[in-house]
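What follows is a single structure, written as structure tokens, with notes after it.
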Amino acid sequence: MSNAAQKNDPAAQHARPVYVLRGVNKFYARRGVHALDDVNLTLAEGSFSSVIGASGCGKSTLLKIMAGLTPPSSGSVMLEGRPVMGPRDDIGMMFQQATLFPWRTVLENIVLPIEIRDGKKAAQAAHGRARDLLSMAGLNGFEQAYPNELSGGMAQRAAICRMLVSEPSVLLLDEPFSALDELTRDFMNMELQRICRERNATAFLVTHSIQEAVILSDVVYVMSPRPGRFVEEVVIDLPRPRTLEMMTTPQFGALVDRIRSHLDEGAFT
Ligand code: ADP
Ligand code: MG
């Protein structure tokens, strides 16, 4: 698929393709489910893309395939020119639930990926970096707190820090803020934008909020109900950095309407 974002955005025209998916299919044989149908996707370096679709259409399956957590039934997934065969250091993932271990402090939770990969000594050495991340995420003073002492938004911010501690260049986000109240969610989305811009990270977000997809993304992919396939690719040409005020503009409203109409179409074909 030629990337429509690149046609519209002169700055993106020379952006390097980072992720390339070709003809990705997924069948869950045991339950006879055809979850994904011929998904093609190219993510340019530093871009922010979202996939939106009804519950059960295959969004999480797609993300798991991209992360190397489950193989495609057919098709190819390349990241930085190498096939994704399993979990990789250059991929950071985040889920709806923060899944912090309750018996570990915030700091210990954040360095856990390093500890699993390289052992306790390396985890200890990463404390400085973890503290920097916590301060970036506004969690100064909570290093020694336990997860049950954090609000939902704070726990998700800690989960962002844990995702970033291994310095991934690609972020795969599966409805990371959907369990939060709306105000916190808006705030977290702006934080996410800031973090991605600072690191020139390539981000791919699964969401079922049209507003969230539009405010964050360069491109929104609309997925049909099962088997999931992309039925539309909507380029979001709002200027950057995005602000919450943009959500009240006619341009924003028109983009939301356009995506909603594609979702409705998809539901009846
Ligand atoms: P979404 O994230 O869009 O809600 P999923 O990717 O989780 O959708 O699921 C897509 C379809 O695949 C659903 O019908 C779901 O029941 C099925 N599915 C997901 N994971 C598995 C699995 N491990 N085994 C069998 N079926 C699965
Ligand atoms: Mg899901």
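One-based numbering, in listed order, for ligands and for the atoms of each. Numbering starts at 1 and runs along the sequence shown.
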Do the charged groups of [X] and [Y] touch, with an N to O distance under 4.0 Å?
| X | Y | result |
| --- | --- | --- |
| K121 | E115 | no |
| R185 | E182 | no |
| R16 | E80 | yes |

Item to complete: Using distance alone, with no hydrogens and no angle criterion, decide if T184 and D181 have a side-chain donor and acceptor under 3.5 Å apart.
Response: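 Yes, side-chain donor-acceptor contact under 3.5 Å.
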Item to complete: Go through ligand 1 atom by atom and flag the ones less than 4.0 Å from a non-hydrogen atom of S60.
Response: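 Atoms satisfying the 4.0 Å criterion: 1 (P), 2 (O), 6 (O), 7 (O).
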Fill in: Residue S55 vicinity, atoms of ligand 1 by number, heavy atom under 4.0 Å
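Those atoms are 4 (O).
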Is a donor on one side and an acceptor on the other found under 3.5 Å between the side chain of [X] and the backbone of [Y]?
| X | Y | result |
| --- | --- | --- |
| Y19 | M66 | yes |
| R197 | R240 | no |
| R229 | S224 | no |

Discussion item. What verdict does the side chain to side chain donor-acceptor pair (under 3.5 Å) test give for R226 and T61, after you've listed the backbone C-alpha separation in whole Å, the side-chain angles of each residue and the deciding distance to 0.1 Å?
Written reply: CA-CA 11 Å; R226 219 171 52 227; T61 298; over 6 Å; no
Which is it for [X] and ligand 1 at heavy atoms under 4.0 Å: side chain, backbone, both or neither?
| X | value |
| --- | --- |
| R31 | side chain |
| V33 | side chain |
| R226 | side chain |

How far is [atom] from its nearest protein heavy atom, and which residue and atom is that?
| atom | value |
| --- | --- |
| atom 21 (C) of ligand 1 | Y28 CZ, 3.3 Å |
| atom 9 (O) of ligand 1 | T61 OG1, 3.8 Å |
| atom 13 (C) of ligand 1 | G56 O, 3.8 Å |

If I apply the N/O under 3.5 Å rule, does [X] come out as touching ligand 1?
| X | value |
| --- | --- |
| K64 | no |
| G58 | yes |
| A35 | no |

Worksheet item: Can an N, O or S atom be found in S60 less than 2.8 Å away from the Mg ion (ligand 2)?
Response: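 Here the distance criterion (N, O or S atom, under 2.8 Å) is met by S60, so yes.
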